[in-house]
K.L.:
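One structure follows; several queries about it will come next.
Please read these numbers as outputs of a predicted model, since none were measured by experiment.
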Amino acid sequence: MDAVIEKIALGVKPSLLRKILRHRYLEHYNLLFLLVFAVNAGIFWYGFTQADWWSKQGDSLPVLLDLILANFAVAILVRQQYVINLFFWIATRAPVSWPLWIRWHLAKVYHFGGLHSGGTVGGTLWYAIYLTVLVYQQDDPLPNTSKNLVIVSFLLMAVLVLIVTMALPLVRRRFHNQFEWVHRFGGWLILILFWIQTCLLVNGISDLIQSPSFWGLCIITFSVILPWLRLKKVKIDIDSPSSHVALTRFDHGVTPFAGSSTAISRNPLLEWHSFANVPAPGEDGFRLTISRAGDWTGRFIDDRPKQVWTKGIPTAGVANIEVLFKKVVYIATGSGIGPCLPHLLAKKVPASLVWSARNPRKTYGNMLVDEVLDAVPDALIWDTSSHGKPDLVKLALNTVLKTGAEAVICIANQPLTQKVVYEIELRGIPAYGAIWDS
């Protein structure tokens, strides 16, 4: 048994240093954000101390525009479905014979959203600098072309500030639908304005093609359009064992890999929701476990639509990191069993399960519960309607000690997931769970 886990069994409390290092403000997401910020800060120091970007005689605008688009390219590309799948593929190539601490950090690959946030904030700050230099370098009165450029630039700056503001965690949680609309339509508007701005800054097609900004915009535009090229309306079948859940069956020629997710919508321009795919070994198609968790899911369960929209490709999710470990423990609450089930059915990695749910057979149906027990006969299924809410941290630690598992994967609501991951990692055990950054 690992020495750290032995200490857990003896009731030894984690040290203050470990508590600090495992604090969620020092998680990989935030460290990646700081990395992007540090790179941009270094470029800023060089540009304004060595390159004289403030000079009216300087030609800094194209350079600044390239830096802006480089940041936004990073922000957008790391959210591209093919790139996400590539990140997971690379990170999970490590064999389980590698030291645990290396695999521990590789499995944090799903924190790539820190690059997205860092690139977006970095690009916005660079754009504020660009706009300041643009106004400073203009003559008075301005030529018509310069006036148009200034107008477009101020409009673009305003939309960028709105998007960043709506993405702040407190604002986003309270106004999630509005955040999604601003993110989508504001993002499209920004892309159009960038194209207009780039055309205003160059002289003719020849200069446009030679501009790095042109090719950067081409890459960003293609990345944004690509998922929409796979937009389609598909038939679904819904089985609702209770008014709390809809077990939704898809069979439109796509059988996704275990651990992926699919985004669905009833109105593709307004609202999209991602759910974990549950393919069954040897069967075509897949299922989604959709539980009542808000207005949209509530209407979905009540209305039982016959068709929904899908776009893009199945995208890897957090639990794909299981292959980096010799044995794992899954902690799930309620419909969190959905993302766990495909991994339990695939049996790529020996796994134990702790599932806490309210009256699971009545809520999710005998068929699904029996499927879980067939996959993991020794699963601990905790009925909260009979036994109350469990101490999932304690149950997770007990299961780790009992089975010798190397890692814990938690699929629950945000506060509970954060608590479980933090408390488990305080004890020196790798722990993982969604971070609600997309």
K.L.:
Taking the side chain as every heavy atom from C-beta outward, state whether I220 and L191 have any atom pair closer than 4.5 Å.
P.N.:
yes

K.L.:
If I compare all heavy atoms of I163 with all of G187, which pair ends up nearest, and what's the gap?
P.N.:
CD1-N, 3.8 Å

K.L.:
Which residues pass the salt bridge (charged side-chain N to carboxylate O under 4.0 Å, His left out) test with D284, not counting sequence neighbours?
P.N.:
none

K.L.:
If we only count heavy atoms from C-beta on, is the V36 to L115 side-chain gap below 4.5 Å?
P.N.:
yes

K.L.:
Which pairs pass side chain to side chain donor-acceptor pair (under 3.5 Å) with one or both residues in residues 318-344, sequence neighbours excluded?
P.N.:
S291-S335, E322-Y330, E322-H343

K.L.:
Under a 4.0 Å threshold between the charged nitrogen and the carboxylate oxygen, would R427 count as salt-bridged to E423?
P.N.:
yes

K.L.:
Please confirm whether the backbone N or O of A94 pairs with a side-chain atom of R103, one donor and one acceptor, at under 3.5 Å?
P.N.:
no

K.L.:
Please list all pairs meeting salt bridge (charged side-chain N to carboxylate O under 4.0 Å, His left out) that have one or both residues in residues 61-78, counting only residues at least two apart or in different chains.
P.N.:
none

K.L.:
Applying the side chain to side chain contact (heavy atoms under 4.5 Å, CB included) criterion to L288, which one of I264, V278, V308 satisfies it?
P.N.:
I264

K.L.:
Between E406 (side chain only) and F325 (backbone N and O only), is there a donor and an acceptor less than 3.5 Å apart?
P.N.:
no

K.L.:
Is there a side-chain contact between C218 and F222 (heavy atoms, below 4.5 Å)?
P.N.:
no

K.L.:
Counting only heavy atoms from other residues, nucleotides and ligands, does the tally under 6.0 Å from CZ of R184 exceed 12?
P.N.:
yes

K.L.:
Taking the six-membered ring of W309 (Phe, Tyr or Trp), confirm whether the NZ or CZ of K232 is under 6.0 Å from its centre and within 45° of its axis.
P.N.:
no

K.L.:
Quick check: F72 with W126 (ring centres under 6.0 Å apart)?
P.N.:
no

K.L.:
So among L69, V152, L189, which one has a side chain to side chain contact (heavy atoms under 4.5 Å, CB included) with F194?
P.N.:
L69

K.L.:
Can you establish whether the number of heavy atoms outside F87 located under 6.0 Å from its atom CZ is more than 12?
P.N.:
yes

K.L.:
Between E27 (side chain only) and Y29 (backbone N and O only), is there a donor and an acceptor less than 3.5 Å apart?
P.N.:
no

K.L.:
Give the ring-plane orientation class for Y110 versus Y432, where under 30° counts as parallel, over 60° as perpendicular and anything between as tilted.
P.N.:
perpendicular

K.L.:
Do the ring planes of W101 and H105 sit parallel (below 30°), tilted (30 to 60°) or perpendicular (above 60°)?
P.N.:
perpendicular

K.L.:
Please list all pairs meeting salt bridge (charged side-chain N to carboxylate O under 4.0 Å, His left out) that have one or both residues in residues 289-302, counting only residues at least two apart or in different chains.
P.N.:
R292-D302

K.L.:
Is a side-chain donor or acceptor of N85 paired with a backbone partner of A316 at a separation under 3.5 angstrom?
P.N.:
yes

K.L.:
Mind telling me whether H111 and H28 have parallel, tilted or perpendicular rings, with 30° and 60° as the class edges?
P.N.:
tilted

K.L.:
Between P256 and V254, what is the shortest heavy-atom contact and its length?
P.N.:
CD-O, 3.7 Å

K.L.:
Are the side chains of Q80 and L226 in contact, using a 4.5 Å heavy-atom criterion?
P.N.:
yes

K.L.:
Please confirm whether the backbone N or O of L170 pairs with a side-chain atom of R174, one donor and one acceptor, at under 3.5 Å?
P.N.:
no

K.L.:
Between A332 and I337, which heavy-atom pair has the shortest distance, and what is it?
P.N.:
CB-N, 3.9 Å

K.L.:
Between T417 (side chain) and Q414 (backbone), is there a donor-acceptor pair under 3.5 Å?
P.N.:
no

K.L.:
Kindly state each residue pair satisfying side chain to side chain donor-acceptor pair (under 3.5 Å) with at least one member in residues 188-198, sequence neighbours excluded.
P.N.:
Y127-Q197, Y130-Q197, S153-Q197, W195-T221

K.L.:
Got more than 12 heavy atoms from elsewhere within 6.0 Å of NZ, K419?
P.N.:
no

K.L.:
Listed by chain and number, what are the side chain to side chain contact (heavy atoms under 4.5 Å, CB included) partners of D391, not counting sequence neighbours?
P.N.:
V393, K394

K.L.:
Taking T132 for the side chain and A128 for the main chain, is one N or O donor matched with an acceptor at less than 3.5 Å?
P.N.:
yes

K.L.:
Any donor and acceptor pair, going by atom type alone, linking the side chain of Q81 with main-chain N or O of I313 inside 3.5 Å?
P.N.:
yes

K.L.:
Backbone N or O of R266 within a donor-acceptor pair of the E271 side chain at under 3.5 Å?
P.N.:
no

